[in-house]
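Count residues from 1 along the sequence.
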Amino acid sequence: MFSAKKDIFFDLDHTIWDFDLNARETLHELYGKYQFGDLTGESNSDKFIETYTMNNHRLWNLYHHEQIDKQTLRRARFEDTFQQLGIDPKTFPWKFEQDYLAICPTKTNLFPHAHETLAYLHSKYNLHLISNGFREACEMKLNHCKLRPYFQTIVISEVIGVNKPNPKIFQYAINNGNTRTENAVMIGDSIDADVRGAQNAGIDAIYFNAVGAQRPTDVKHMITDLKELQSLF
């Protein structure tokens with residue numbers, strides 16, 4: 001179906017790099033290190049992680065649409081979590097966040113068949129990356145997971161100053177990749193930022209749905225496993 005395409009653009013977090021799993025591992029380790037159980041009254045970290053994950057997803061959606069900045073996102077995801085768990089957010093130890101930012105991007109959990117699929121596609125197509133993630137974290141993830149060699153170009157929203165789904169970042173990526181919209185396809189987990197963002201920029205898109213969400217009618221193409229790309233391309 002997409003074999004005539006020449007350039008494939010990937011999202012990173014929640015598409016290749018398993019953000020939630022890597023964050024969960026990191027938060028579980030730090031929950032014990034900082035003895036958060038004494039504050040929450042919970043011996044295990046499940047409720048803390050669940051609350052954080054909900055807040056993190058909400059705040060990233062606001063960040064995608066440039067309604068909050070990087071500093072607000074990083075501050076609010078933990079402050080809001082403390083407040084919702086009935087803990088004074090002023091007691092949040094900011095060394096915890098520094099440890100989180102240092103550890104989480106070094107985690108190497110990828111979605112199943114990531115390396116296998118990227119290696120297959122890399123042998124036949126030009127691969128590119130478009131991420132709304134922060135520069136330093138993206139670079140750490142790519143290096144620790146040995147992902148960088150797959151990608152001909154890497155576009156990070158923080159560097160160019162515009163986020164997906166803004167059409168400007170897709171046009172920048174197309175120009176930077178020396179290709180054309182009709183030759184390109186975008187693959188990502190966010191219906192709003194990746195799929196609709198690409199489609200609004202005139203680029204075909206494939207929705208990576210690893211969480212079993214219902215596919216909206218305006219989303220034309222969907223996969224649930226990265227390995228499916230080996231059949232599509």
Say whether, by atom type as modelled, one donor and one acceptor occur between the side chain of [X] and the main chain of [Y] under 3.5 angstrom.
X	Y	value
N163	S157	no
W17	K107	yes
N176	Y172	no
N22	D18	yes
N132	K164	yes
Q152	L127	no
N61	H57	no
H115	C145	yes
N143	E139	yes
N209	G212	yes

Side chains of [X] and [Y] in contact at under 4.5 Å (non-hydrogen atoms):
X	Y	result
I68	L59	yes
P105	K141	yes
F10	M186	no

Does the side chain of [X] pick up a donor-acceptor pair with the side chain of [Y] at under 3.5 Å?
X	Y	result
D192	H65	yes
R77	N55	no
Y31	T40	yes
T91	D88	no
D99	Y34	yes
T117	Q230	yes

Is NZ or CZ of K70 both nearer than 6.0 Å to the six-membered ring centre of F134 and within 45° of the ring axis?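 Verdict for F134: a cation-pi partner in K70.
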Taking atom [atom1] of [X] and atom [atom2] of [Y], what is their separation to the nearest 0.5 Å?
X	Y	atom1	atom2	value
T179	Y125	OG1	OH	13.0 Å
D218	I191	CG	CD1	8.0 Å
L85	L39	CG	CG	10.0 Å
L129	I187	CG	CD1	11.0 Å
K47	T51	NZ	OG1	6.5 Å
L30	S45	CG	OG	10.0 Å

Aromatic ring pairing F36/F96, orientation class (parallel under 30°, perpendicular over 60°, tilted between): parallel
Could you label the plane-to-plane angle of the H128 and F9 rings as parallel, tilted or perpendicular, counting under 30° as parallel and over 60° as perpendicular? parallel
Test log, rule side chain to side chain donor-acceptor pair (under 3.5 Å), inputs N56 and T53: CA-CA 5 Å; N56 194 52; T53 301; over 6 Å; no
Please determine whether the number of non-hydrogen atoms from other residues, nucleotides or ligands lying under 6.0 Å from atom [atom1] of [X] exceeds 12.
X	atom1	value
N178	CG	no
E228	CD	yes
R58	CZ	yes
Q214	CD	no

Strictly under 6.0 Å, is that where the ring centroids of [X] and [Y] end up?
X	Y	result
F92	W94	yes
Y100	F78	yes
F208	F111	yes
F2	H221	yes

Considering all heavy atoms of both residues, which atom of D189 and which atom of T15 are nearest to each other, and what is their separation? N-OG1, 3.0 Å
Cluster question for you: counting only ILVMFWY and a side-chain heavy-atom cut-off of under 4.5 Å, with indirect links fine, are [X] and [Y] together?
X	Y	value
V185	Y150	yes
L142	L121	yes
F233	L226	yes
I206	L12	yes
M54	Y52	no

